[in-house]
Amino acid sequence: MKATFKYIILVVFVLSIGNQFVYSQTLEDYLKEAAENNPELKSSYAGFEAALEKAPQVASLPDPSLSVSAFGRMIETRLGAQEARFSLVQMFPWFGTLKAQEDAVIAAAQTRFYQYINQRSLLFVQVKSRYAELYALERIMALKEENLAILENYRELALSGFRSGNAPMVNVVKVDMEREALITEIELLKDKKKPMEVQFNLLLNREKSLSVPILDSLNLEQNLSVMKEPKNEPLFEKHPTLVALESEKLALDSRITAIEKDGLPKFGVGIDYSIISKRTDANPENNGQDAIMPMVSVTLPIFRKKYRAAKKEVEFMQVEVAARRKAQQNNLESSFQLTRYELNQAEKLLKLYKSQLERINQATRLYVAGFANNTADFEEILTMNQQKILIQTQQLEALKNGFIAQAQLEYLGYKTE
């Protein structure tokens, strides 16, 4: 019984440590966990490693050929009957063929690697975006919870005005209506949070029921929205999608070299060994001596149509890759211009909302003081409060959109590894 109790205590202790780890994760921890556990990312990296394993396959010589002939009826030679024959042949491609094939495969594997890097960067954008959405949702819920307490104070203010005969009871009813609507909004936001946490957990490939604590604040880097094209190198030149296409082009160049060399003669060297039995009817010199004969063979690639077609196929693929690279560069440029505008918009809106909140707080204090002195309408207090909540919500939305735009800009070339 004591042992069981100790075991239970140990389990609880371990679980509490695990929960502390989960609940102490920052955005950087989430990004690391996503990079390690996301199944699509694992699949992409496994594809890169599989592509690397093709290199030793294409860089190796073809297997030697061994043939054995046994004669049911002996073939007579001058030195005796030929009982069996062994032939061993090794073919060699033209010089540099295997190197060209290996270069093509390695370049193709590099393409897969940069595709993996791009997929990881896109995953980081997704994680940051979901994190920003959860951050905004939690802060909006907190704002509405605070507003419930504020409305409770306003209700007491309206009720006090009614009791003193300076204000109608309808003010209390209006506050109650505001509070009921606010309670429903909070409940709906709580309902919305659960599927958003599930989406976030699935990106990290972990238990979808886990809570997602938001510990970091969202910060926008200064002047990120006004970044310009570098003077010494074209914009996006090091973006993984463009580098991947450049590696694909190099692979095709090596394939053309390999095809050209494959169309040249191949050489074979070998040896032919025959087992000879001794003659019994005579005894010539070297009677029964086995025969050894070196061999050299050459392939004659006279049918050129297949080589020309293979080379033409790769040349068309080169045109396709060049066009895809140009299209991708245009897409990156288009996304950059739009995203930079979105971040710049978010920065300007945040400045506007900050200024407006200061004025609303000032106006609210004046209206509350005026209502207490019977010089202001209670309706104005509620209107100011609604306006404040609206602007605070818009402020969080602008911060969220700006953070997502910032993550997208980082992906587009400024912080992509």
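L332 places a side-chain heavy atom less than 4.5 Å from the side chain of L412. The side-chain heavy atoms of L61 and P93, taken from C-beta on, include a pair separated by under 4.5 Å. Proximity of F162 to N171: side-chain heavy atoms (C-beta onward) are nowhere separated by under 4.5 Å. Between P62 and Q90 there is a side-chain heavy-atom pair separated by less than 4.5 Å. Side-chain contact check for L220 versus L350: some heavy-atom pair is nearer than 4.5 Å. For the pair N147 and L151, the minimum side-chain heavy-atom distance is below 4.5 Å. Two residues are said to be in side-chain contact when any heavy atoms from C-beta on lie closer than 4.5 Å; T383 and Q387 fail this criterion. Between P213 and Q25 the shortest side-chain heavy-atom distance does not fall below 4.5 Å.
Checking side-chain atoms of N361 against main-chain N and O of L357 turns up a donor-acceptor pair under 3.5 Å. Checked by atom type and distance alone, the side chain of N385 never pairs as donor or acceptor with a backbone atom of I381 at under 3.5 Å. For D262 (side chain) and A258 (main-chain N/O), no donor-acceptor pair under 3.5 Å exists by modelled atom type. Remark: side-chain polar atoms of D272 are not paired, donor with acceptor, to backbone N or O of M293 under 3.5 angstrom. Here the side chain of R304 pairs a donor or acceptor atom with the backbone of G263 at under 3.5 angstrom. Side-chain atoms of T299 come within 3.5 Å of backbone atoms of K266 as a donor-acceptor pair (strictly under, hydrogens ignored). The closest donor-acceptor contact from the side chain of S334 to the backbone of N330 lies at 3.5 Å or more, if one exists at all. Listed for the S121 side chain is a donor-acceptor partner under 3.5 Å among the backbone atoms of I117. K128 contributes no side-chain N or O that, together with a main-chain N or O of I404, makes up a donor-acceptor pair within less than 3.5 Å. The backbone N or O of R255 sits nowhere less than 3.5 Å from a side-chain atom of E260 that would complete a donor-acceptor pair.
Every residue two or more places apart in sequence or in another chain was checked for a ring pair (Phe, Tyr, Trp, His ring centres under 6.0 Å) with F124, and none qualifies. When the side chain to side chain contact (heavy atoms under 4.5 Å, CB included) test is applied to E358, the partners found at least two apart in sequence or on another chain are K354. For E49, the side chain to side chain contact (heavy atoms under 4.5 Å, CB included) partners two or more places apart in sequence, or in a different chain, are Y45.
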side-chain contact (heavy atoms from CB on, under 4.5 Å) between F86 and I271, worked out: CA-CA 8 Å; F86 301 88; I271 188 171; over 6 Å; no

Derivation and outcome, side-chain contact (heavy atoms from CB on, under 4.5 Å), residues R359 and S355: CA-CA 7 Å; R359 296 180 183 278; S355 175; 3.9 Å; yes

Candidate pair T393 and I389, rule side-chain contact (heavy atoms from CB on, under 4.5 Å), full reasoning: CA-CA 6 Å; T393 302; I389 290 297; 4.1 Å; yes

From CA spacing to verdict: side-chain contact (heavy atoms from CB on, under 4.5 Å), L122, Q119: CA-CA 5 Å; L122 284 173; Q119 191 168 351; 5.6 Å; no

Test salt bridge (Lys or Arg N to Asp or Glu O under 4.0 Å) applied to R325 and E237, step by step: CA-CA 11 Å; R325 191 183 190 284; E237 194 66 23; 3.2 Å; yes

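In terms of heavy-atom proximity, P64 sits nearest to L88 at CB-CD1, 4.2 Å. Taking all atoms of both residues into account, the shortest heavy-atom contact from A363 to M384 is CB-SD, 3.8 Å. When all heavy atoms are compared, the tightest approach of L218 to L399 is O-CD1, 3.7 Å. Nearest heavy-atom pair across L98 and S60 is CD2-O, 3.7 Å. Counting all heavy atoms, side chain and backbone alike, L245 lies closest to Q328 at CD1-CB, 4.2 Å. For the residue pair V89 and M295, the shortest heavy atom distance occurs at CG2-CE, 3.8 Å.
Side-chain polar atoms of T339 and Q408 form no donor-acceptor pair below 3.5 angstrom. Side-chain contact of T26 with E28: a donor-acceptor pair under 3.5 Å is absent, judged by distance alone. Between the side chains of Y367 and D377, no donor-acceptor pair is found at a separation under 3.5 Å. A side-chain N or O of D253 and one of Q318 form a donor-acceptor pair less than 3.5 Å apart. Defined by atom type and a distance below 3.5 Å, a donor-acceptor pair is missing between the side-chain atoms of Y341 and Q337.
When the shell of 6.0 Å around CE of M196 is examined, it contains more than 12 heavy atoms from other residues, nucleotides or ligands. Under a cut-off of 6.0 angstrom, the local environment of CD in E156 is crowded, with over 12 non-hydrogen atoms contributed by other residues, nucleotides or ligands. Around NZ of K54, the count of heavy atoms belonging to other residues, nucleotides or ligands within 6.0 Å does not exceed 12. A 6.0 Å sphere centred on NZ of K194 holds more than 12 heavy atoms belonging to other residues, nucleotides or ligands.
Here CG of L396 is found 11.0 Å from OH of Y353. Values are rounded to the nearest 0.5 Å. Remark: N153 CG to L148 CG distance equals 11.0 Å, nearest 0.5 Å. Taken from CG in L188 to CD1 in I183, the straight-line distance is 12.0 Å, to the nearest 0.5 Å. For the atom pair L202 CG and N38 CG, the distance stands at 10.0 Å (nearest 0.5 Å). Here CD1 of I259 is found 10.0 Å from CD of Q101. Values are rounded to the nearest 0.5 Å.
Annotation: cation-pi pair K312/F316 present, NZ/CZ under 6.0 Å from the ring centroid and within 45° of its normal.
Classified by interplanar angle (parallel below 30°, tilted 30° to 60°, perpendicular above 60°), the ring pair Y411/H239 is perpendicular. In this pair, F48 and F113 present their aromatic rings tilted. The plane angle is within the 30 to 60° band.
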Which pairs of donor and acceptor atoms, one on a side chain in residues 103-112, lie under 3.5 Å apart (sequence neighbours left out)?
| residue | atom | partner | partner atom | Å |
| --- | --- | --- | --- | --- |
| D103 | OD1 | K99 | NZ | 2.9 |
| D103 | OD2 | K99 | NZ | 3.0 |
| T111 | OG1 | A107 | O | 3.1 |
| T111 | OG1 | A244 | O | 3.3 |
| T111 | OG1 | E248 | N | 3.1 |

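Applying the side-chain hydrogen bond (donor to acceptor under 3.5 Å, both in side chains) test to residues at least two apart or on different chains, the pairs with a partner in residues 132-146 are E138-K193, K144-E185. Within the structure, every pair that satisfies the ring-ring contact (aromatic ring centres under 6.0 Å, His included) test and touches residues 181-207, not counting sequence neighbours, is listed here: Y30-F200.
Between R155 and E152, no side-chain nitrogen of the basic residue sits less than 4.0 Å from a carboxylate oxygen of the acidic one, so the salt-bridge criterion is not met. With salt bridges taken as basic N to acidic carboxylate O contacts below 4.0 Å, one links R324 and E320.
Tested against N201, the residues R130, R206, K208 include a single side chain to side chain donor-acceptor pair (under 3.5 Å) partner, R206.
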